[in-house]
Asks: 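Let me begin by handing over the structure; questions about it come next.
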Amino acid sequence: MAKYLLLKHYRGAPAAVNDVPMDQWSPEEISAHVQYMNDFAARLEKTGEFVDGQALAPEGAWVRYGGEGRPPVTDGPFAETKDLIAGWMVIDVDRYERAVELAGELSAAPGAGGRPIHEWLEVRPFLGAHPTATE
């Protein structure tokens, strides 16, 4: 088995089909989206493919070492991760194709109007996990 990160982005990928920002969704639409994510994770728990997952709050900052005797430096002229990453899920699957299959399914989470978002998800193997895509 190999672990993969399914990374949900706010932006930084091609626009989703149902590209209405979440802050414009109704409370019911947000609840339906969260329920889909929870149901997806619960199904993968039963198959042993779910490792962990979290939605991320929009707050956050870049931090780096400021030098000997100096406080850490925060923020900078960078795209903020808090503006780009919405959340993540770690899965443990037997092959790369399964990771892609699950990412495609997760991309169908409902959004505005209850329609699937068709959002782009980044699929990244953990270092040391070698994808075995079949040609």
Asks: Donor-acceptor pair, His33 side chain versus Gly111 backbone, under 3.5 Å?
Replies: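 Not confirmed, His33 side chain does not pair with Gly111 backbone.
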
Asks: Side chains of Glu105 and Tyr36: closer than 4.5 Å at any heavy-atom pair?
Replies: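 A side-chain contact exists here, since the closest heavy-atom pair is under 4.5 Å.
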
Asks: Which pair of heavy atoms, one from Ala41 and one from Phe50, lies closest together, and at what distance?
Replies: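 Distance-wise, the nearest heavy atoms are CB-CE1, 3.5 Å.
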
Asks: NZ of Lys8 to CH2 of Trp88: how many Å apart, nearest 0.5 Å?
Replies: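 Spacing of NZ (Lys8) from CH2 (Trp88) equals 13.5 Å.
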
Asks: In sequence, state the C-alpha distance, the side-chain angles, and the governing distance for Val123 and Leu5, and then conclude on side-chain contact (heavy atoms from CB on, under 4.5 Å).
Replies: CA-CA 6 Å; Val123 177; Leu5 175 67; over 6 Å; no

Asks: Would you find a donor on one side and an acceptor on the other, under 3.5 Å apart, between the side chain of Trp25 and the backbone of Val20?
Replies: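 Judged by distance alone, yes, a pair lies under 3.5 Å.
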
Asks: Please collect all salt bridge (charged side-chain N to carboxylate O under 4.0 Å, His left out) contacts where either partner lies in residues 45-54, sequence neighbours excluded, each pair once.
Replies: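 Sorted pair list: Glu49-Arg98.
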
Asks: Under 3.5 Å, is there a donor-acceptor pair between the side chain of Ser107 and the main chain of Trp120?
Replies: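 The answer is no, because no donor-acceptor pair under 3.5 Å joins these two groups.
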
Asks: Using a cut-off of 6.0 Å, state whether more than 12 heavy atoms not belonging to Arg43 lie near its atom CZ.
Replies: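 Yes - once you tally the heavy atoms of other residues, nucleotides and ligands closer than 6.0 Å, there are more than 12.
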
Asks: Donor-acceptor pair, Gln24 side chain versus Pro21 backbone, under 3.5 Å?
Replies: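 Flag not set: sc Gln24 to bb Pro21 has no pair under 3.5 Å.
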
Asks: Check whether any side-chain N or O of Asp94 sits under 3.5 Å from a backbone N or O of Met1 as a donor-acceptor pair, and report yes or no.
Replies: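 Flag not set: sc Asp94 to bb Met1 has no pair under 3.5 Å.
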
Asks: Go through the steps to decide whether Phe40 and Met89 satisfy the test side-chain contact (heavy atoms from CB on, under 4.5 Å), and finish with yes or no.
Replies: CA-CA 10 Å; Phe40 184 84; Met89 183 176 288; 3.7 Å; yes

Asks: Using only atom types and a distance under 3.5 Å, with no angle test, would you say the side chain of Asn18 pairs donor to acceptor with the backbone of His118?
Replies: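 Absent.
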
Asks: In the structure I gave you, are the side-chain heavy atoms of Leu44 and Leu102 within less than 4.5 Å of one another anywhere?
Replies: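 In short, these two side chains touch, coming nearer than 4.5 Å.
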
Asks: Is any side-chain heavy atom of Lys3 closer than 4.5 Å to a side-chain heavy atom of Arg124?
Replies: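 They are not in side-chain contact.
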
Asks: Kindly compute the distance separating CD (Gln35) from CE (Met37), expressed to the nearest 0.5 Å.
Replies: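 Gln35 atom CD to Met37 atom CE measures 11.5 Å (nearest 0.5 Å).
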
Asks: Within the side chain of Ser31, is there an N or O that forms a donor-acceptor pair under 3.5 Å with the backbone of Pro27?
Replies: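 Present.
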
Asks: Can you check whether Val90 reaches Phe126 side chain to side chain, under 4.5 Å on heavy atoms?
Replies: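 Yes, at least one pair of side-chain atoms sits under 4.5 Å.
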
Asks: Work out which heavy atom in Leu6 is nearest to a heavy atom in Ala103; give both atom names and the distance.
Replies: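 Heavy-atom minimum between the residues: CD2-CB, 3.9 Å.
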
